Amino acid sequence: MRIYILDSDERSSLLTARMLEEYTDIDLLGCSGDASPGLQEVARLEPDAVFIDTKLGCISGLAASERLLREFPRLRVVYVTASREYAVEAFEQRAFDYLIKPLTRERLARTVVRLRHSCENALWRQED
């Protein structure tokens, strides 16, 4: 699985990256704390999933993911945020998951299992 992290909280971003790097089947494509270059990188790299915060400075994570989903409808958006208040809006927008900071290994593991299944199913559909 190819994953990109878009999070303006550098400590959180590094923690998420370290946890994801523990999985041998995950290719961490990059991290950005700035929405504009991060969105460009995601568009260029076309990851399977983006781990994104709801607050990215000049643009909200919700607006950023909405833009990405318009361009890449199969992209899996996983929110990693300290804010519970945007969960309903995120899921209305087709969020794959919504993780609350501080991120725990146990909660991340459940998301990774679901991501694996989703990516495997997508491969099956492409082969048909």
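Throughout, residue positions are numbered sequentially from 1 according to the sequence presented. All values reported here derive from a predicted model rather than from experimental measurement.
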Going from [atom1] on [X] to [atom2] on [Y], what distance comes out if it is rounded to the nearest 0.5 angstrom?
X	Y	atom1	atom2	result
Leu56	Asp34	CG	CG	9.0 Å
Leu28	Leu20	CG	CG	6.0 Å
Ser118	Met1	OG	CE	9.5 Å
Arg70	Glu66	CZ	CD	5.0 Å

Smallest separation among heavy atoms of [X] and [Y], with atom names:
X	Y	value
Arg114	Asp97	NH1-OD2, 3.3 Å
Gln93	Leu62	NE2-O, 2.9 Å
Ser32	Tyr4	CB-OH, 3.2 Å
Leu75	Pro47	CD1-O, 3.4 Å
Val80	Lys101	O-CE, 3.2 Å

Result block: side-chain N/O donor-acceptor pairs under 3.5 angstrom for residues 84-91, not counting sequence neighbours:
{"unit_1": "Glu85", "atom_1": "OE2", "unit_2": "Ser83", "atom_2": "OG", "d": "3.3"}

Between [Y] and [X], is the closest basic N to carboxylate O distance under 4.0 Å?
X	Y	value
Arg18	Glu22	no
Lys55	Asp7	no
Glu46	Arg2	no

Inset, instruction - Output yes when a side-chain donor or acceptor of Ser65 lies under 3.5 Å from a complementary backbone atom of Gly61, and no otherwise. - result: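 The answer is yes, because a donor-acceptor pair under 3.5 Å joins these two groups.
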Legend entry - Sidechain-backbone polar pair: Ser13 side chain, Asp9 backbone, donor-acceptor under 3.5 Å: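 No, Ser13 side chain to Asp9 backbone: no donor-acceptor pair under 3.5 Å.
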Indicate yes or no: at least one non-hydrogen side-chain atom of [X] is less than 4.5 angstrom from one of [Y].
X	Y	answer
Arg67	Leu39	yes
Tyr23	Arg116	yes
Arg94	Val77	no

Inset, instruction - Could you walk me through whether Thr81 and Leu99 pass side-chain contact (heavy atoms from CB on, under 4.5 Å), step by step? - result: CA-CA 6 Å; Thr81 181; Leu99 309 176; over 6 Å; no
Inset, instruction - Please step through salt bridge (charged side-chain N to carboxylate O under 4.0 Å, His left out) for the pair Glu106 and Arg110, ending with a clear verdict. - result: CA-CA 7 Å; Glu106 295 79 17; Arg110 292 197 314 258; over 6 Å; no
Inset, instruction - Sort out for me which residue in Ile3, Val50, Leu115, Leu69 forms a side chain to side chain contact (heavy atoms under 4.5 Å, CB included) with Arg76. - result: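 Among Ile3, Val50, Leu115, Leu69, the one that satisfies the side chain to side chain contact (heavy atoms under 4.5 Å, CB included) with Arg76 is Leu115.
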Count I, L, V, M, F, W, Y as connected when their side-chain heavy atoms are under 4.5 Å apart, and connections chain through other members. Are [X] and [Y] then in the same cluster?
X	Y	value
Leu6	Leu15	no
Leu68	Phe96	no
Val78	Val42	no

Inset, instruction - Please identify each residue that fulfils ring-ring contact (aromatic ring centres under 6.0 Å, His included) with Tyr79, with sequence neighbours left out. - result: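 Tyr79 satisfies ring-ring contact (aromatic ring centres under 6.0 Å, His included) with Tyr98 once adjacent residues are dropped.
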Inset, instruction - Give the C-alpha distance, both sets of side-chain angles, the deciding distance and a yes or no for side-chain contact (heavy atoms from CB on, under 4.5 Å) between Ile52 and Ile5. - result: CA-CA 6 Å; Ile52 190 169; Ile5 298 172; over 6 Å; no
Inset, instruction - Could I get the full list of side chain to side chain donor-acceptor pair (under 3.5 Å) partners for Arg44, not counting sequence neighbours? - result: Glu41
Legend entry - Verdict with reasoning, Met19 to Leu103, per side-chain contact (heavy atoms from CB on, under 4.5 Å): CA-CA 9 Å; Met19 291 174 140; Leu103 189 58; 3.9 Å; yes
Legend entry - Flag for Thr111-Arg107: side-chain donor and acceptor within less than 3.5 Å: yes
